Protein chains: 4
Amino acid sequence: MSSPRGRPRSERARLAVLDAAADLLIEGGMAAATMEAIAARAGVSKATIYKWWPSRGHVALDSFFTRTKPTMAVEAGATLEDTLIAQVGALAGLLRDPATASLMRETVAVAQTDPDIRSALDTRWLRPRRAAVEGVLRDAAERGEIRADVDFAAAMDQLFGPLYYRLLFRHEPLDERLAETLVRQMLAGLSP
Amino acid sequence: MSSPRGRPRSERARLAVLDAAADLLIEGGMAAATMEAIAARAGVSKATIYKWWPSRGHVALDSFFTRTKPTMAVEAGATLEDTLIAQVGALAGLLRDPATASLMRETVAVAQTDPDIRSALDTRWLRPRRAAVEGVLRDAAERGEIRADVDFAAAMDQLFGPLYYRLLFRHEPLDERLAETLVRQMLAGLSP
Amino acid sequence: MSSPRGRPRSERARLAVLDAAADLLIEGGMAAATMEAIAARAGVSKATIYKWWPSRGHVALDSFFTRTKPTMAVEAGATLEDTLIAQVGALAGLLRDPATASLMRETVAVAQTDPDIRSALDTRWLRPRRAAVEGVLRDAAERGEIRADVDFAAAMDQLFGPLYYRLLFRHEPLDERLAETLVRQMLAGLSP
Amino acid sequence: MSSPRGRPRSERARLAVLDAAADLLIEGGMAAATMEAIAARAGVSKATIYKWWPSRGHVALDSFFTRTKPTMAVEAGATLEDTLIAQVGALAGLLRDPATASLMRETVAVAQTDPDIRSALDTRWLRPRRAAVEGVLRDAAERGEIRADVDFAAAMDQLFGPLYYRLLFRHEPLDERLAETLVRQMLAGLSP
DNA sequence: TCTTAAACGAGACGGTACGTCTAGTCTTCTA
DNA sequence: TAGAAGACTAGACGTACCGTCTCGTTTAAGA
């Protein structure tokens with residue numbers, strides 16, 4: 001029943017840091033989002049940031065999660081194709097937003113270096129989305145709508161992989177019709 | 001017929017830098033591959049590195065290209081499926097090697113920040129591979145082996161995207177049978 | 001009544017820098033007293049030095065002033081000759097100490113390049129000494145002990161100039177009896 | 001009787017180096033007269049400079065000697081006072097020229113660090129001038145024009161020291177009448 | 001109301017790496 | 001063989017952030 005003694009953590013400071021970090025990341029990428037700059041922009045002491053986040057990457061990750069809306073609901077009563085298109089399209093739509101794209105790119109880049117960030121990204125971002133869509137697909141397999149011997153993991157990769165591929169390499173835009181094309185092409189196959 | 005004046009560039013230094021950089025990148029990632037460390041390890045002056053490479057990212061990129069074997073030949077006289085599996089499998093095999101994987105991850109991460117690096121990666125790495133496989137697919141379309149209305153770009157993304165997706169997020173390994181699964185699933189589709 | 005915010009300046013660091021700089025200057029001259037070496041020897045960050053001193057020359061100057069005792073008192077109740085000998089002798093004695101001589105030589109050398117240093121040396125070192133002795137001489141002139149048409153500035157130069165001349169060119173030592181000789185010769189003249 | 005094999009030393013290069021060095025020294029002091037800058041300005045290879053001069057200081061010294069006219073003749077048939085004034089005045093006149101003053105200041109500064117330079121300056125510059133004037137004074141002493149117990153070295157310091165003192169500290173200008181004042185004041189003394 | 005203790009801002013600190021500069025040396029071709 | 005060109009190693013330069021630290025100053029819960 002004891003409540004913590006002393007001055008409570010400042011919510012104002014927490015939000016100011018996440019906001020400043022997100023803005024800096026979007027404007028100038030990881031290079032611009034130095035601890036010094038985040039602290040200055042947030043009007044917060046560096047020590048305060050270090051008290052609550054262990055590294056720059058964690059601040060970036062938190063900014064990303066804070067700025068990005070949930071968008072993961074699976075609607076009932078729709079065809080398999082429509083459901084998949086909705087799911088993949090939702091992610092594509094998110095990544096089409098330049099600010100979100102920027103944050104996601106930086107987060108992936110940081111994750112290559114920091115295992116902490118990578119596992120958080122995996123647990124809190126990647127897996128839930130894959131699991132949701134994989135569930136849809138497994139249900140369809142049980143109903144006989146798709147073949148039973150499908151490699152579900154590979155199928156997830158073929159739906160989501162292209163989005164990150166285009167996000168990171170930018171060889172093609174993440175246009176409106178991409179989700180539809182990916183889903184249709186995967187379900188029907190290329191053979192005539 | 002004129003020969004260049006002055007002392008010629010030292011091939012020894014060039015190779016030592018690329019080697020040192022690659023080793024450091026593999027061992028400790030971009031964080032370990034400081035210019036200072038590369039110079040020390042290569043037994044080369046920092047000034048010499050800056051003379052020939054504009055940034056750390058460029059050295060990393062060059063290391064990657066130097067360390068990575070060509071692996072892009074398209075063999076004649078094989079079925080479409082076998083050709084695609086061979087191509088995708090070649091890249092998967094490359095990225096399965098921990099050292100190459102490490103270099104590739106760092107290169108992609110750097111590319112998010114440095115547009116120079118990104119365009120070099122695009123021009124010298126991504127496009128040739130996509131173009132080769134796209135050619136194979138377009139030939140097959142002309143012969144009527146696959147549908148004519150295929151979105152070739154999306155198809156390339158569905159073959160290569162999953163590889164980079166697994167490389168960068170590490171949610172699943174890049175195992176031996178992945179290429180085969182990806183190709184078969186894409187050609188035949190998931191429908192029964 | 002407001003007290004300064006933040007961590008207060010470290011007196012330990014300030015003294016360590018001045019000490020290290022003085023030692024290095026004495027041991028190996030300006031060439032040895034690099035910022036890098038001073039920082040290393042003082043166990044202080046280079047950034048800290050640059051924060052408080054704008055250049056190497058300023059550190060050298062400060063070292064000199066810190067290491068050099070005041071020695072400028074004018075005693076009352078003595079003959080003109082004795083007073084002058086005491087004053088000139090005090091400076092000669094200071095410059096006879098190898099460490100002080102070394103610091104002074106470096107400081108003069110630096111002053112040739114850096115106007116800041118030169119003016120500080122002028123204001124804080126040269127002028128007070130000249131003024132003190134010039135005062136003694138002007139009093140004597142008023143009392144009629146010396147001629148009234150003396151060029152006081154030139155007289156100062158004839159007393160102090162020889163000391164610096166010997167310090168910098170080292171053609172003759174700054175021996176014990178120099179001050180006495182200079183004063184006597186100046187007062188009495190060379191004529192029989 | 002053998003004449004040297006190969007291409008003879010280029011007098012053009014030697015003069016170009018000394019000229020470039022002197023100009024740079026006058027314009028921006030020792031800081032501006034880098035080997036790089038001298039070589040570039042002279043249109044000469046750095047290696048060539050290092051071949052003939054052991055250090056930057058030596059080039060500076062040589063520039064100084066090359067640029068500075070002899071001015072050391074002792075005229076016969078004049079009073080002691082006039083002879084001394086002529087000698088001291090000649091040096092003062094030289095040091096009044098801003099370019100020469102600049103070169104001399106830099107040379108003295110360098111001499112504090114480089115013993116080679118110091119000894120060259122002593123041998124080729126200081127001693128001859130002092131010896132010439134000391135000779136004049138000793139002759140006068142023999143003729144009984146001045147006292148016999150004069151400290152000649154100190155007397156030289158009282159004539160020349162003030163000039164260098166003013167040159168290096170710049171507390172007073174090296175004006176036209178300085179030589180006369182110094183000589184008269186020294187010969188007659190300050191006493192009434 | 002007063003104490004107490006954690007959180008806060010400010011900012012100085014020891015470090016590390018940055019990218020630049022100059023010193024000297026070395027290597028090649030040309031005169 | 002001297003010289004010009006210019007690449008090389010070595011190492012200091014001054015700057016920018018890092019992550020830590022020491023201050024004096026809030027701020028709310030508990031006494």
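Each chain gets a letter, A, B and so on, in the order the sequences are listed, and its residues count up from 1. This one's a predicted model, so the numbers in the text were calculated from it and none came from an experiment. Below, all heavy atoms of this structure are taken into account, side chains as well, without hydrogens, waters or symmetry copies.
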For nucleotides 25-27 of chain F, give me every protein contact, N/O to N/O, under 3.5 Å, one pair per line with atom names.
{"residue": "F/dT26", "atom": "O2", "partner": "A/R7", "partner atom": "NH1", "Å": "2.9"}

Does any residue of residues 46-63 of chain B have a heavy atom under 4.0 Å from DNA chain E, and if so, which ones, in number order? B/K46, B/A47, B/Y50, B/R56

Set of residues satisfying side-chain hydrogen bond (donor to acceptor under 3.5 Å, both in side chains) with respect to A/S55, sequence neighbours excluded: A/H58

Got a sec, which residues hit side-chain contact (heavy atoms from CB on, under 4.5 Å) with D/S119, two or more places apart in sequence or on another chain? none

May I have all residue pairs that pass salt bridge (charged side-chain N to carboxylate O under 4.0 Å, His left out) and include part of residues 43-54 of chain A, sequence neighbours excluded? A/E36-A/K46

List the residues meeting side-chain contact (heavy atoms from CB on, under 4.5 Å) with A/A32, not counting sequence neighbours, and say none if there are none. none

Strand contacts (DNA chain F) in residues 102-114 of chain D, 4.0 angstrom heavy-atom criterion: none

Within residues 10-18 of chain A, residues whose heavy atoms come under 4.0 Å of DNA chain F: none

Assess whether one donor atom and one acceptor atom, taken from the side chain of C/S45 and the base of E/dG15, lie less than 3.5 Å apart. yes

Closest non-hydrogen atom pair, D/A33 against D/I38: O-CD1, 3.8 Å

Keeping the roles fixed (side chain from A/T48, backbone from A/V44), state whether a donor-acceptor pair exists under 3.5 Å. no

Below 3.5 Å, can you tabulate the donor-acceptor pairs from side chains in residues 106-115 of chain B to any protein atom, sequence neighbours excluded?
{"residue": "B/E106", "atom": "OE1", "partner": "B/M30", "partner atom": "N", "Å": "3.2"}
{"residue": "B/E106", "atom": "OE2", "partner": "B/M30", "partner atom": "N", "Å": "3.4"}
{"residue": "B/T107", "atom": "OG1", "partner": "B/L103", "partner atom": "O", "Å": "2.6"}
{"residue": "B/Q112", "atom": "NE2", "partner": "A/L168", "partner atom": "O", "Å": "3.0"}
{"residue": "B/Q112", "atom": "NE2", "partner": "B/V108", "partner atom": "O", "Å": "3.2"}
{"residue": "B/D114", "atom": "OD1", "partner": "B/D116", "partner atom": "N", "Å": "2.8"}
{"residue": "B/D114", "atom": "OD1", "partner": "B/I117", "partner atom": "N", "Å": "3.4"}

Identify, residue by residue, the members of residues 20-42 of chain B with a heavy atom below 4.0 Å from DNA chain E, and return them in order of residue number, or none. B/T34, B/M35, B/E36

Sequence neighbours excluded - salt bridge (charged side-chain N to carboxylate O under 4.0 Å, His left out) pairs with any residue from residues 3-23 of chain C: C/E11-C/R14, C/D19-C/R67, C/D23-C/R41, C/D23-C/R67

Of all residues at least two apart in sequence or in a different chain, which pass the salt bridge (charged side-chain N to carboxylate O under 4.0 Å, His left out) check with C/D122? C/R127

